[in-house]
Amino acid sequence: MKTDAEYACELDRDDELAPFRDQFIIDHDDLIYLDGNSLGRLPRRTAGRIAEVTGHEWGGRLVRGWTDGWFTAPQRIGAKIARLIGAEPDEVIVADSTSANLFKLAVATLQCRSDRRAIVTDDLNFPSDLYVLDGAIRLCGPGHRLTVARSPDGISLPLAELTGRIGPDTALVALTHTAFKSGYVHDMAAISSAARRVGAWSLWDLSHSVGVMPISLGELGVELAVGCTYKYLNGGPGAPAFLFVRRDLQDKLLNPIWGWFSARGQFDFALQYSPDSGMRRFQTGTPPILSLSAVEPGVDLVLEAGVDRIRAKSVRQTEYLIELWRELLQPLGVRLNSPLDPAQRGSHVSLGHVEGLRIARALVDAMKVIPDFRAPDNIRFGVSPLYTSFQELHEAITRFRRVLTERLYEKYPTDRPVVT
Ligand SMILES: *Cc1c(COP(=O)(O)O)cnc(C)c1O
């Protein structure tokens, strides 16, 4: 593969998704934003939608907004997200945060399947997920345990290492589909069916997958899933998350938080709780309408572009990024901390260097390149195909090389900032 700047231009010219870049607010053309896997860019139409929700709906319609569409928005937007993950429209709802949704589904599962006491996960999982699962296990009482499969290299997880830990006592196999550090993608089909063979359910955190990876929950018979809307769905900082429960399980599971938005006949104001049927029982309290409204235009953009086309471009772009690494950075001691096989890689690439933290700082501060840093040594470059160009990738890695050859990172402190 060629790695010169001309070739990057050529790839952009041939890119059928290139026009989508104009759908986003991009103020500084010289800023290279490669952190869309942490916080996606602002779509133009979202800015318009927020103005409409605050001005016309909240400002003008006031409390009538609830009957004008706010009340059903979690289901309406959930039904759109369902199309991105191969689910039915009534199997997904938007509510709370990913962490809270994971908690609700993990506890609901342990309570429903009290004959089984283990949750199996792995150490590539997002720490918040591990904390939540651990907390759920403790809450459900003695005898319950969390089993954590170990990655041999911090990058990937051999299937056997995981399946060896799934047994007759396993209630749930809870994993993040695309690992937040290395970008490793689990084999959802193989793991879900291995779990089902011994009667366990699987729960997938799709935060780093939804919007860039084709997912077929229905086809694979997956039981449960959660995910985030502010990464590749571009829903905005702190936008509410979604959860999926296979239809036949919805009325078997009980949300452990008995909030009024999960209750049957919510506006009867009965003093005794009775759970609603279907996905509504997995809501908690009043949805954050401003943030929720911002989710929909981002989801619409992904639906318009099509996940398959997005994934195809994502693979081309991460392949290209890795080629640039091989040519320009590997000779300078930078390691690849992501899988080489594109089938096992999501939409970000982690590059490792002992000076990773200071390099990331120099990139942001002196080079106008925004990746992020994940301890101990990962500089993550997120490719968000709706707005990332090949020229940006070329330029970012060229600037990365300059940071090394000119030792620009040396003037930055080694202490870790509060947020990385
Ligand atoms: C981003 C992300 C989350 C985010 O959780 P919040 O509750 O929204 O803070 C959770 N899990 C994974 C795997 C993520 O990548």
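This chain uses plain numbering: 1 for the first residue, then up along the sequence. Order of appearance sets the numbers: ligands from 1, and atoms from 1 within every ligand.
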Heavy-atom count check: over 12 atoms from other residues, nucleotides or ligands less than 6.0 Å from R402 CZ?
no
Atom 7 (O) of ligand 1 - nearest protein heavy atom and its distance
S99 OG, 2.7 Å
Cation over ring, K181 on F373, under 6.0 Å and within 45°?
no
Quick test: of every protein heavy atom, which one is nearest to atom 8 (O) of ligand 1, and how far off is it to 0.1 Å?
Y230 OH, 2.8 Å
Could you tell me whether R44 atom CZ has more than 12 heavy atoms of other residues or ligands within 6.0 Å of it?
yes
Would you check whether K231 has a nitrogen or oxygen atom less than 3.5 angstrom from a nitrogen or oxygen atom of ligand 1?
yes
Which atoms from ligand 1 have a heavy atom of D129 less than 4.0 Å away?
10 (C), 11 (N), 12 (C)
Ligand-side contact atoms (ligand 1) for residue partner S97, heavy atom cut-off under 4.0 Å:
7 (O)
Take atom CH2 in W58; do more than 12 heavy atoms of anything else shown fall under 6.0 Å from it?
no
For a 4.5 angstrom cut-off between non-hydrogen side-chain atoms, does P339 reach I155?
yes
Checking contacts here: is it the side chain or the backbone of N125 that comes within 4.0 Å of ligand 1, counting heavy atoms only? Could be both or neither.
neither
Quick check on contacts: which atoms of ligand 1 are under 4.0 angstrom from a heavy atom of T176?
13 (C)
For P385 against I310, the heavy-atom pair lying closest together:
CG-O, 3.5 Å
